Amino acid sequence: MLIEHIRQRLHELDATAQRRRRRTVLTPCQPAQDWQGQGELLGFCSNDYLGLASHPDLIRALAEGAQRWGVGSGASHLVSGHSAAHASVEALLARWFEPHIPDAQALLFSSGYSANLALMSALANEHTTLLLDKLNHASLIDGAWLAQAKSRARWQRYPHGRLDALERLLAACESPIKLIVTDAVFSMDGDIADLPALLRLAERHDAYLVVDDAHGLGVLGPQGHGSLAHFGLRSTRLIYMGTLGKAVGVGGAFVAAPPLVVEWLLQTARPYIYTTAMPPALAHALEVALRLTEGEEGQRRRLHVQALLTQWRRGLDAIEWGTPAPRPVPSSTPIQPLIVGDNAQALAWQAALQAQGCYVGAIRPPTVPPGTARLRVTFSAAHGPGDVQRLLDALQQASHTLSAESASA
Ligand SMILES: *Cc1c(COP(=O)(O)O)cnc(C)c1O
């Protein structure tokens, strides 16, 4: 029965072009990668925005960390897994966030997914309403489900970016504890949330603002300190989650928040308590990655990505699209999606680009809303201007191919 049920559901996924397949890479995270069975392709799909994932300094730092600390942590943070390497990264991150969250403290997690589950489930109780942007990341939504199941917290979603709708929900909300929860940079659209306006709403309605900066940390703000720095925000009402496996190039995540919030997470957040601490060697490498990110080299890399984005936008304007034409989403971040709409069409674009030696992700529901399947193009500081041009040429060529096919169909 179980197996029959699964077979049926997988069949449905095939029928709607929603079946996902993994592909195996044979090379480190870098633009030109060797794919098992498919040869070398130039990729525009990673979240390694600063190109740090295979930086020689980080490779050295990880090896050094393993020499100093061994590999595994052996236990959870509250038992014996919390090393001086972890503590040192937390102290550094606390300093990053002190200008934005008074007396900020930081708490390391092994992944952003678990950090969001921890935040949502530990902060919410039966007196809480969580208010989420419709396009928030899956981990925040799952966190809201967990909060509801565990403690009968309520949660509601407002249409993407619609502060008027959010304000109506806030005005009607009778819960004494209100949390507005948003991605800072939306992962599948690349747009930046209006955090100053969200914070004003939080202040006006005695709410808190939880910011998931997975795609902003390292990319936005002076020294890459992220979206709070980008907007110059400072408030005791801010609770921040950043991930360390995207622009920072390593892995893991952290929450930066007022001291009592961090203490509460440490005491009660089950996704924090009941899991093995990240390997200390990784924490050691993280410290080097964070210093690279905020230093001169990070700055150089941020400027380089901005130059690539300018080149990309100009090049896109010059493409002569046939039909169907994908629709670029306005975005000032390294996430530059092209909306295709139909799932099968998104896969056709992906295949046509692959025939030109370029690889981009075809993102389909449920990751994005139905009817908005897209090519999620991302740029990295590891790309050069020649790479951007290759993708532009491939798009032009793919457009010819696909419009010829649709004309003959
Ligand atoms: C990637 C991502 C996460 C999850 O972080 P991981 O460290 O990969 O688990 C959370 N939120 C957003 C917006 C993300 O893009």
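These numbers come from a predicted model, not from an experiment. In each ligand, atom 1 is the first atom listed, and ligand 1 is the first ligand listed. FYI, the numbering just counts along the sequence from 1. We use all heavy atoms of the structure for the numbers below, so side chains are in, but hydrogens, waters and symmetry mates are not.
When side chains are defined from C-beta on, L41 does not count as touching C358, because their heavy atoms never get closer than 4.5 Å. Here the side chains of L123 and I177 are not in contact, with every heavy-atom distance at 4.5 Å or above. Between R302 and L220, the closest side-chain pair of non-hydrogen atoms is not below 4.5 Å.
Close approach of ligand 1 to H215 is summarised as follows: ligand atoms under 4.0 Å from at least one heavy atom of the residue are 14 (C), 15 (O). Each of the atoms 1 (C), 2 (C), 3 (C), 14 (C), 15 (O) of ligand 1 lies under 4.0 Å from some heavy atom of K246. Short contacts between ligand 1 and N116, defined as distances under 4.0 Å to a heavy atom of the residue, involve ligand atoms 10 (C), 11 (N). Which parts of ligand 1 touch S139 is read off a 4.0 Å heavy-atom cut-off, strictly below it: atoms 10 (C), 11 (N). For ligand 1, the atoms sitting less than 4.0 Å from at least one non-hydrogen atom of A214 are 2 (C), 11 (N), 12 (C), 13 (C), 14 (C), 15 (O), numbered in the order shown with element in parentheses. Atoms of ligand 1 lying under 4.0 Å from any heavy atom of G112, numbered from 1 in the order shown and given with element: 4 (C), 5 (O), 6 (P), 7 (O), 9 (O).
Applying the ring pair (Phe, Tyr, Trp, His ring centres under 6.0 Å) rule to Y240 yields the partners F97, F254; only residues at least two apart in sequence or on another chain are considered.
N343 and R19 form no side-chain donor-acceptor contact under 3.5 Å, judged by distance and modelled atom types alone. For the 3.5 Å distance criterion, the side chains of R291 and T293 fail to qualify, holding no donor opposite an acceptor.
Closest approach of M120 to L140, counting heavy atoms only: CG-O, 3.9 Å.
Ligand 1 has no atom lying under 4.0 Å from any heavy atom of A253.
The protein heavy atom nearest to atom 4 (C) of ligand 1 is Y113 N, 3.6 Å. The closest protein non-hydrogen atom to atom 11 (N) of ligand 1 is D212 OD2, 2.6 Å.
If you look at N136 next to ligand 1, there are no close heavy atoms at all, none under 4.0 Å.
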